[in-house]
Amino acid sequence: MKKIVIILILLIMPLFVRAECSYQDQLNLNSKAANVRTNYELKTDRIEYEDGVSYVEYFVIHILNVTNETYVELSNNVEDGSKIYHYADTTDGNVDIIWTKTEDIANFTVKVYAENGTACSGDLLKTSRFTMPKYNGYYNRAICEEIPDFYLCQKYITVETVDESEFVSKVEGYINGTVNKDGEKVEEKEDKKGILEFINKNKWYIIGAAGVIGVGVGVFVYLKKTKKQRELGI
């Protein structure tokens, strides 16, 4: 009998725990989680040596608006595991993370949880994602100075690098106007497209006008031919 009572208590206990997390608690925590945001910026440090100066570029990832009722789990596809940031790990709710691994595109996942000790302790409140770009090896090519807006000429990119032959092909296509700055194929020029749309929209009027012109030309030829025949007495 005691065993049955213990089992019932163990089964019912989670229900009582979850009952503490009310709908109003969820609304409050969801509101806090919605304010947690991430962004990043490129930074450059100037390093002086005895024989010169060098510049080092890196990214800083910002996690903003963490509260004492939420914590953040950050993970990506480049590093193993994940990192947890509680309010105690922040400066007034904000965290700055240095990111130097720019040889690969990094896809980050940000999960915001209800902090331990809150009514909804441990509940996942929000999931968001962002992508960190990688350094583009084609950036320093001489041709890129002429077409800096082209996507394969940007210093940092969020698309996989193409091989040499495809790079040359896409650059030629951009210069010739067959692909746009994002590398997408351009089907037809806007002015040509506009003319074709006008013709298609008004084709019956155009065909009718062509028919009238054709009849007019036929009458003119007939009259001219009849007059010529009369002059010749035919």
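Given the structure is predicted, the values throughout are model-derived calculations rather than measurements.
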Review point. To the nearest 0.5 Å, how far apart are CD1 in I143 and CD in E172?
Key: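 Nearest 0.5 Å value for the CD1-CD distance: 9.0 Å.
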
Review point. Once you round to the nearest 0.5 Å, how far does OG1 of T70 lie from NE2 of H86?
Key: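 Taking OG1 in T70 and NE2 in H86, the distance rounds to 10.5 Å.
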
Practice item. Would you please test Y135 and E103 for side-chain contact (heavy atoms from CB on, under 4.5 Å) and show each step? Key: CA-CA 6 Å; Y135 179 77; E103 64 274 11; over 6 Å; no

Review point. Is a side-chain donor or acceptor of N94 paired with a backbone partner of N65 at a separation under 3.5 angstrom?
Key: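 Here the side-chain-to-backbone pair exists.
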
**Study point:** Value rounded to 0.5 Å, distance of OG1 in T44 from OH in Y55
**Key:**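 Going from the OG1 atom of T44 to the OH atom of Y55 covers 9.5 Å.
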
Practice item. Can you see which heavy atom on E164 is nearest to which on Y138, and at what distance? Key: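 Answer, listing the atom of E164 first, then Y138: N-OH, 3.3 Å.
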
Exercise for review: Look up atom OG1 in T38 and atom CG in L64, then write down how far apart they are to the nearest 0.5 Å.
Suggested key: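 The CG atom of L64 is 8.0 Å from OG1 of T38, to the nearest 0.5 Å.
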
Practice item. Any chance you could measure L125, atom CG, to N30, atom CG, to the nearest 0.5 Å? Key: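 Taking CG in L125 and CG in N30, the distance rounds to 5.5 Å.
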
Practice item. Using the side-chain contact (heavy atoms from CB on, under 4.5 Å) rule, take L152 and V171 through it: C-alpha gap first, then chi angles, then the decisive distance, then the call. Key: CA-CA 8 Å; L152 286 178; V171 166; 5.7 Å; no

Check your understanding: Given Y156, which of Y139, F59, Y58, Y151 fulfils the ring-ring contact (aromatic ring centres under 6.0 Å, His included) condition?
Key ->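 The ring-ring contact (aromatic ring centres under 6.0 Å, His included) with Y156 is passed solely by F59 among Y139, F59, Y58, Y151.
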
Exercise for review: May I ask you to check whether T178 and N176 show a side-chain donor-acceptor distance below 3.5 Å?
Suggested key: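 No, no side-chain donor-acceptor pair sits under 3.5 Å.
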
**Study point:** From CG (N116) to CD (E69), nearest 0.5 Å
**Key:**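 If I round to the nearest 0.5 Å, the distance is 13.0 Å.
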
Review point. Taking the inter-plane angle between the rings of F108 and W99 on a 0 to 90° scale, is it parallel (under 30°), tilted (30 to 60°) or perpendicular (over 60°)?
Key: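 F108 vs W99 ring planes: perpendicular.
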
Point to revise | Distance-only side-chain donor-acceptor flag, T161 / K134, under 3.5 Å | key: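 Their side chains do contain a donor-acceptor pair, which is all the 3.5 Å distance test asks for.
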
Check your understanding: Does N28 use its side chain to pair, donor to acceptor, with the backbone of D25 at less than 3.5 Å?
Key ->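 Not a single qualifying donor-acceptor pair exists.
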
Check your understanding: Shortest non-hydrogen contact from C21 to D123?
Key ->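 Residues C21 and D123, closest heavy atoms: SG-OD2, 4.1 Å.
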
